[in-house]
Amino acid sequence: MTKTLIVGNWKMNLNVHQASLYVHELSSEINHHDDVDVVLAPSFIALQTLSLQVKKHHLSLAAQNCYWRDDGAFTGEVSATQLRGLVNYVIIGHSERRHKFGETNKEIRAKVQAVLRNGLIPILCVGETADERANGETKHVLHDQVSGGLANVASDEIHKVVIAYEPVWAIGTGENALPKDVESAEETIRHQVESLYGHKAATGTKLLYGGSVNSDNASDYLALKGIDGFLVGGASLHVQQFSSIISKAHQLKGKKS
Ligand code: PEP
């Protein structure tokens, strides 16, 4: 059974104390479901504390980024090697990294490789900007970012990679994508994975949607056959909202499988 994957990206929010309190509240709010994996992506500073807290609540952790080298003179950076033992997942190429910090496909593919090399799971984020969408370039951008991000991934590693389709214009804006557009992007991404790694890899790749997901619209996306979960930003900061998304994922999982 493929589990639905729900990842909460807290971005640069919550201090260590608030993060710890959140985990306490979330775990008393949600039931553990075998068919849903819940992952929290706090700031680096909270990972150590939360790593001691999450296991008994069947939650996992993700880092929001990492550097592509394993160690060395890279002041201010955190490597995937240092994240081992703290997290299971690392978000790579989030649109805020691409567009606010100028990350390129070249860096992103090196980071994906570093995450895999260290036995962790990369969540590779891809998605078009509003201008690219208006210019009809969505497919082209997705091809570019998928093949660019996966360029160093061997065929025996592709099953470990999670891809998140996150249209940039839908992130943090409240303007979520239409399910039919998400479906079309999902097909484009799977098609690209298929052309690189074959049919089995394409159908087996876990694909998330992210972009203003909340408890009201979650079911619309979860009903889509090719969507395996969410990368949730703003709504994941609210325990009630996030737990409601998780229980919807569990309810819909039963209907989909
Ligand atoms: C995100 O940060 O990846 C995201 C999708 O944010 P939001 O849910 O707030 O749009």
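Atoms within each ligand, like the ligands themselves, are counted from 1 in listed order. Atoms considered below: every heavy atom in the structure, side chains included; atoms not considered: hydrogens, waters and symmetry mates. Since this is a predicted model, take the numbers as computed values, not measurements.
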Which atoms of ligand 1 sit under 4.0 Å from any heavy atom of G234?
7 (P), 8 (O), 9 (O)
Give yes if a backbone or side-chain nitrogen or oxygen of H94 is under 3.5 Å from a nitrogen or oxygen of ligand 1, and no if not.
yes
In terms of side-chain geometry, is the basic nitrogen of D228 or K206 positioned less than 4.0 Å from the acidic oxygen of its partner?
no
Which protein heavy atom lies closest to atom 5 (C) of ligand 1, and at what distance to 0.1 Å?
E166 OE2, 3.0 Å
Using a cut-off of 6.0 Å, state whether more than 12 heavy atoms not belonging to H99 lie near its atom NE2.
yes
N/O donor-acceptor pairs under 3.5 Å from side chains in residues 240-247, not counting sequence neighbours:
| unit_1 | atom_1 | unit_2 | atom_2 | d |
| --- | --- | --- | --- | --- |
| Q241 | OE1 | S215 | N | 3.1 |
| S243 | OG | V239 | O | 3.0 |
| S243 | OG | Q240 | O | 3.1 |
| S247 | OG | S243 | O | 3.1 |
| S247 | OG | S244 | O | 3.3 |

With a 4.0 Å cut-off on N to O distance, would you call E137 and R133 a salt bridge?
no
Measure L231 to ligand 1 on non-hydrogen atoms and call it side chain, backbone, both or neither using the 4.0 Å cut-off.
both
Could you identify the single nearest non-hydrogen protein atom to atom 8 (O) of ligand 1 and state the distance to 0.1 Å?
G233 N, 2.8 Å
Running the 4.5 Å side-chain criterion over Ile, Leu, Val, Met, Phe, Trp and Tyr, what cluster does Y67 land in, apart from itself?
W68, F74
Hey, which atoms in ligand 1 end up nearer than 4.0 Å to a heavy atom of A170?
10 (O)
Any G174 heavy atom less than 4.0 Å from ligand 1:
no
Under a 4.0 Å threshold between the charged nitrogen and the carboxylate oxygen, would E103 count as salt-bridged to K111?
yes
Atom indices of ligand 1, in the order listed, that fall short of 4.0 Å to a heavy atom of S212
7 (P), 8 (O), 10 (O)
Hey, which atoms in ligand 1 end up nearer than 4.0 Å to a heavy atom of G211?
5 (C), 10 (O)
Can a side-chain donor-acceptor contact be found between N118 and R84 if the only test is distance below 3.5 angstrom?
yes
For ligand 1, which is the ligand I care about here, please tell me if T173 has any N or O atom under 3.5 Å from one of the ligand's N or O atoms.
no
Shortest heavy-atom approach to atom 7 (P) of ligand 1 - which of A235, G172, S236
G172
